[in-house]
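In what follows, a single structure is set out as structure tokens and then discussed.
Residue numbers begin at 1 in each chain, while the letters A, B, ... track the order of the sequences.
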Amino acid sequence: MPEPQRQLLMDERAVERALARMAREIVERNAGVAGLAILGVQRRGVQLADRIAAEIERAEGARPPVGTLDITLYRDDLTAIGPRPVLGETRLPQDGIEGRRVVIIDDVLYTGRTVRAALDELADFGRPARTFLCVLIDRGGRELPIQPDIVGRVIDAAPDERVEVLVPELDGRLAVELIRPSGAT
Amino acid sequence: MSLPPTFLGKDLVALEPLDAAQIRAILDTAEPFKEISERAIKKVPVLRGKTIVNLFFEASTRTRISFEFAEKRLSADTVNIAAQGSSVQKGETLVDTARNLEAMKIDMVVMRHGSSGAAQFLGERIPSNVINAGDGRHEHPTQGLLDMLTIRDHRGRIEGLRVCIVGDVLHSRVARSNIWGLTKLGAEVAVCGPRSLLPRGVEELGVQVFTRVEQAIEWADVLNVLRLQLERMQAGFIPSLREYNRIFGVTRARIERAPRELLILHPGPMNRGVEIDSDVADGPYAVILDQVTNGVAVRMAVLYLLAGGVPDKAEAAKRES
């Protein structure tokens, strides 16, 4: 079987520019850094959250608290996809999320089920004053009534295509690629 | 990214048939489950809607409660059945008991039974997942796993460590699960106890044998001290508890002569002053309560791994996003 085709959607500079703009939008929406908490969804949302927090620190001189969410145990499809070999870590910022303005950061928004799971998990930890959803790529195809507040780029991907966000910590480079099954046009 | 449905098979009966990669995967999966028990809301919804029966034909407090906490923290519905006061007392066979439970639509059975092989027997006859919580003298796999997790937490590894199991190895399913699991992960394992309480031919499992506890302490990095079941004295395996303590007891005076810093485990419940002295059990080398804490995490991991159904590749890829 021939290899699937990979198409570059965003190169390193394009991703950096998008993250810088998203960081500015987060601060603008929150009118500053006070009260913010940034939560990256495992796995690649974690690295994006770190980059966005670093951007905010560069622009505002203060770094918002950053945490991670692993939503595996909140998914609704354990019996459909089977268990994961190793679960990621859920680690909230030290002061928690109670009464904070929480920004959930994920790499790709597709069906909305990951976000639904993240909201359920968040509710078990406390009650944020406001929760924002911030994604690098919105590829359409929602199965739930969930919309992002802040988006890096909107693309229209077909159901048989996959969008991959690559980060240096895990993949060796920063980019967004579209993967098509070969033979598709 | 998902594990195949056959990763652990349908049941967890023993550590003997597992390979090192499977054991390591269970221990690695247990790590993040520790954190759930530290949360204010100690519960995740992953086993919501699953019904689990804890079927205990022998008395157990720690293991049953540990399983029950694990099940509840994963949001499963649980039912506890003790042999006392159940239809088992009226002569119902194991398979009939299980079939009746199946008829009420259950998903998993956690079973402790006095007969070696009971868990495998049950697993072969019912479609539910079966987890062995101790069967006769055979195995107690989740105890072996929590012992290994505790050793790994404190020493950073299992491979190359010298672990000596001290006490009534003959009657101990904990010893068997430890020997299988630890040797598969590359530890050197020894046993120590009176000859009357060591299984004949135990050397063939690849373990060293010490008949003096001082030698074991001299050799070991880790001691796993087994409970001496008091009825063994009546059965004539040992002359008296006092004498057992004098010769095989893990005492402060003995461990102070250890050439390296020991780690001391005990599966509980302890007979203080028999197999282990109080100042050792409560001392700095003992990690007995860490074992209890890790027991819940290991059991959560096993339940989670066995509950995963048949993966549909296309669906899985789609839901990745």
Side-chain angles (χ1 to χ4, degrees), chain A residues 4 41-44 68 70-92 96-98 106-117 120-126 135 137-143 157-165 179 181, chain B residues 1-9 21-50 70 73-76 107-108 129 297 300-321:
Chain A
V41 177
Q42 296 276 10
R43 290 190 61 187
R44 284 165 182 74
T68 62
D70 183 285
I71 56 90
T72 309
L73 300 174
Y74 286 78
R75 296 177 74 104
D76 54 11
D77 52 5
L78 172 68
T79 48
I81 67 164
R84 296 306 167 94
V86 177
L87 308 178
E89 186 187 21
T90 289
R91 180 175 42 81
L92 292 194
I97 54 163
E98 194 72 32
D106 203 359
D107 54 354
V108 180
L109 178 60
Y110 182 18
T111 62
R113 290 179 193 271
T114 300
V115 175
R116 194 277 308 159
D120 282 354
E121 177 159 23
L122 217 49
D124 279 353
F125 284 107
V135 299
I137 302 291
D138 177 357
R139 60 163 289 179
R142 222 76 80 232
E143 295 173 0
D160 63 346
E161 294 170 336
R162 289 204 312 136
V163 178
E164 275 189 8
V165 171
I179 293 131
Chain B
M1 282 292 283
S2 296
L3 296 162
T6 51
F7 169 69
L8 279 185
Q22 288 172 309
I23 293 173
R24 266 190 216 104
I26 299 172
L27 300 182
D28 291 344
T29 303
E31 285 298 333
F33 281 111
K34 291 179 188 170
E35 178 264 326
I36 291 165
S37 297
E38 307 284 335
R39 297 183 185 179
I41 295 181
K42 299 174 183 57
K43 210 175 184 60
V44 293
V46 71
L47 295 192
R48 198 174 48 188
K50 298 269 185 200
R73 286 176 191 175
L74 298 176
S75 302
D107 299 291
M108 289 190 177
N129 305 103
M300 288 169 87
V302 168
L303 291 164
Y304 168 70
L305 290 170
L306 289 180
V310 182
D312 174 331
K313 291 260 170 58
E315 191 72 358
K318 182 179 158 196
R319 283 163 201 263
E320 280 296 299
S321 298

- Note on the structure: Given B:E35, B:R39, B:E31, the one with more heavy-atom pairs under 4.5 angstrom with chain A than any other is B:R39

- Message: Working to the nearest 0.5 angstrom, can you tell me the gap between A:L73 CG and B:Y304 OH?
- Response: 6.0 Å

- Message: Is B:L74 in contact with chain A via its backbone, its side chain, both, or neither, using a 4.5 Å heavy-atom distance?
- Response: neither

- Task: Show the numbers, then the answer: is there a side-chain contact (heavy atoms from CB on, under 4.5 Å) between A:Y74 and B:V44?
- Result: CA-CA 7 Å; A:Y74 286 78; B:V44 293; 3.6 Å; yes

- Query: With only heavy atoms counted, which part of B:I26 is less than 4.5 Å from chain A, the side chain, the backbone, both or neither?
  - Reply: neither

- Message: Which atoms of B:K50 are under 4.5 Å from chain A, going by heavy atoms: the side chain, the backbone, both sets, or neither?
- Response: side chain

- Task: Kindly indicate whether the side chain of A:D124, heavy atoms from C-beta on, has any atom under 4.5 Å from the side chain of B:K43.
- Result: no

- Message: So which atom in A:G88 and which in B:P32 form the shortest heavy-atom distance, rounded to 0.1 Å?
- Response: O-CB, 3.9 Å

- Task: Give, as side chain, backbone, both or neither, the part of A:E121 having an atom under 4.5 angstrom from any heavy atom of chain B.
- Result: side chain

